[in-house]
Amino acid sequence: MSALNLVNSWPVQTAAVAVVDAKGVRDRHGPDDALPWASVTKLLTALTVLVAVDKGDLLLDEPAGPDGATVRHLLAHTSGVAFDEGSILAAPGRKRIYSNRGFELLAEFVLTRTGGTFAELMTESVLRPLGMGGTRLDGSPAAGAVGPVCDLALLGQELLDPSLVPDLMPEAVTVQYPGVTGVLPGFGRQDPNDWGLGFELRDHKSPHWTGANNSPRTFGHFGKTGTFLWVDPAAGLALACLTDRDFGEWAAEAWPALSDAVLAEHAG
């Protein structure tokens with residue numbers, strides 16, 4: 001029996017999951033309905049920004065956002081900007097303050113160099129090149145993507161074998177501002193709360209939404225709408241998940257169990 005059958009016991013009406021390696025989908029379960037990605041959107045936004053950096057439209061360490069902050073600070077949630085409004089809660093680089101508003105400021109800054117809308121830029125830079133034709137940005141660059149699990153699986157495949165910004169990806173999944181503490185939404189204060197350039201890093205965080213057997217090199221994101229994508233380079237696997245129930249205690253229990261079952265079935 002496939003590990004993905006565990007989702008049949010989840011308290012949701014719709015769940016779509018896919019196990020991916022660098023060559024494509026290994027196993028999947030559930031429909032290809034377009035569902036909200038919530039904060040998993042930040043992976044798309046981070047890649048869009050990194051493509052702009054790769055093209056020379058902007059630099060990671062140039063000023064952006066609040067005084068003293070840079071593009072790098074905004075990507076790494078260390079700009080000091082509050083979660084959902086413009087208040088400044090700390091000096092740049094001092095605390096890991098997870099910020100939707102920071103990602104919106106980042107998108108606004110990128111558009112001063114590229115023009116157009118951020119949805120257009122994301123489509124041109126990421127969605128179209130990866131063949132993610134069922135996904136669109138419908139709202140905030142921090143949380144507005146909507147799309148099917150087949151597209152989320154394509155994103156996982158890209159992150160396992162980067163083609164868009166291969167030279168930047170090693171830095172993107174390396175800890176930015178090591179030792180910085182902060183709250184991982186849904187899982188409390190983490191010391192340290194490691195993050196890359198838009199990618200949340202598993203490292204040795206506990207508790208966490210990935211499995212106990214995910215390697216410390218695992219990176220990805222989860223979203224309020226009951227969605228996640230993790231990529232474990234050590235296992236050579238990614239796991240994509242979309243549901244129609246908001247994150248809560250059910251997910252904090254179910255997701256790690258599914259992750260460990262997928263690793264046991266597919267790793268190696």
Side-chain angles (χ1 to χ4, degrees), residues 1-8 15-35 37 40-48 50-51 54 122-136 145-174 196-202 209-223 227-243 255-268:
M1 183 177 72
S2 167
L4 298 188
N5 286 330
L6 285 173
V7 304
N8 293 330
V17 286
V19 182
V20 184
D21 63 20
K23 295 181 179 180
V25 174
R26 283 195 182 186
D27 194 11
R28 60 166 294 167
H29 179 94
D32 250 340
D33 298 345
L35 294 169
W37 291 15
V40 177
T41 303
K42 292 182 176 71
L43 300 181
L44 295 174
T45 295
L47 280 176
T48 302
L50 291 173
V51 169
D54 190 59
M122 181 182 288
T123 298
E124 295 168 5
S125 301
V126 178
L127 301 179
R128 187 173 295 130
L130 296 184
M132 297 171 62
T135 299
R136 68 187 188 278
V146 178
V149 77
C150 62
D151 280 6
L152 190 56
L154 287 171
L155 179 60
Q157 185 179 354
E158 162 66 18
L159 295 175
L160 282 167
D161 186 16
S163 63
L164 295 177
V165 285
D167 294 337
L168 286 172
M169 280 307 299
E171 184 175 5
V173 296
T174 299
L197 296 174
F199 299 87
E200 197 238 312
L201 308 182
R202 174 128 187 26
W209 53 275
T210 63
N213 294 320
N214 277 94
S215 80
R217 294 173 58 198
T218 301
F219 62 89
H221 221 293
F222 81 89
T227 63
F228 70 80
L229 174 66
W230 60 247
V231 178
D232 189 338
L237 294 173
L239 181 61
C241 173
L242 300 175
T243 76
W255 291 354
L258 175 65
S259 299
D260 283 335
V262 165
L263 289 166
E265 181 176 353
H266 291 277

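Because the structure is a prediction, the values reported are computed rather than measured.
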Mind listing the closest non-hydrogen atom pair of [X] and [Y] along with its distance?
X	Y	result
P166	P162	CB-O, 3.8 Å
K42	H221	CD-NE2, 3.7 Å
M122	T45	CE-OG1, 3.5 Å

Give, for atom [atom1] of [X] and atom [atom2] of [Y], the distance between the pair rounded to the nearest 0.5 Å.
X	Y	atom1	atom2	answer
L4	D27	CG	CG	4.5 Å
D54	M169	CG	CE	12.0 Å
L164	L159	CG	CG	8.5 Å
L229	L43	CG	CG	6.0 Å

side-chain contact (heavy atoms from CB on, under 4.5 Å) involving [X] - partner list, sequence neighbours excluded:
X	answer
R28	A18, V25, D32, V149, C150
N5	M1, S2, N8, H29
A261	A3, L6

Q: Evaluate side-chain contact (heavy atoms from CB on, under 4.5 Å) for L44 paired with W37, printing each intermediate quantity in order.
A: CA-CA 10 Å; L44 295 174; W37 291 15; 3.6 Å; yes
Which residues pass the side chain to side chain donor-acceptor pair (under 3.5 Å) test with [X], not counting sequence neighbours?
X	answer
T174	none
W255	none
R136	none

Q. What pairs meet the salt bridge (Lys or Arg N to Asp or Glu O under 4.0 Å) rule with one or both residues in residues 155-174, with sequence neighbours excluded?
A. R72-E171
Under the 3.5 angstrom rule, does the side chain of [X] hit a backbone N or O of [Y] as a donor-acceptor pair?
X	Y	result
N214	G211	yes
R202	T210	no
Q157	A22	yes

Q.
Within the 4.5 Å heavy-atom criterion, are L258 and V17 side-chain neighbours or not?
A. yes
Could you pull out all donor-acceptor pairs under 3.5 Å where a side-chain atom in residues 124-135 meets a protein atom, sequence neighbours excluded?
{"unit_1": "S125", "atom_1": "OG", "unit_2": "L121", "atom_2": "O", "d": "2.9"}
{"unit_1": "T135", "atom_1": "OG1", "unit_2": "D151", "atom_2": "OD2", "d": "2.7"}

Q: Identify, with sequence neighbours excluded, every residue that meets ring-ring contact (aromatic ring centres under 6.0 Å, His included) alongside F219.
A: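 F219 satisfies ring-ring contact (aromatic ring centres under 6.0 Å, His included) with F199 only.
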Show me the side-chain donor-acceptor pairs of residues 231-243 shorter than 3.5 Å, one per line, residues at least two apart or across chains.
{"unit_1": "D232", "atom_1": "OD1", "unit_2": "S215", "atom_2": "OG", "d": "2.7"}
{"unit_1": "D232", "atom_1": "OD1", "unit_2": "A234", "atom_2": "N", "d": "3.1"}
{"unit_1": "D232", "atom_1": "OD1", "unit_2": "A235", "atom_2": "N", "d": "3.4"}
{"unit_1": "D232", "atom_1": "OD2", "unit_2": "S215", "atom_2": "N", "d": "2.9"}
{"unit_1": "D232", "atom_1": "OD2", "unit_2": "T218", "atom_2": "OG1", "d": "3.2"}
{"unit_1": "T243", "atom_1": "OG1", "unit_2": "G226", "atom_2": "O", "d": "2.9"}
{"unit_1": "T243", "atom_1": "OG1", "unit_2": "R245", "atom_2": "N", "d": "3.3"}
{"unit_1": "T243", "atom_1": "OG1", "unit_2": "R245", "atom_2": "O", "d": "3.1"}

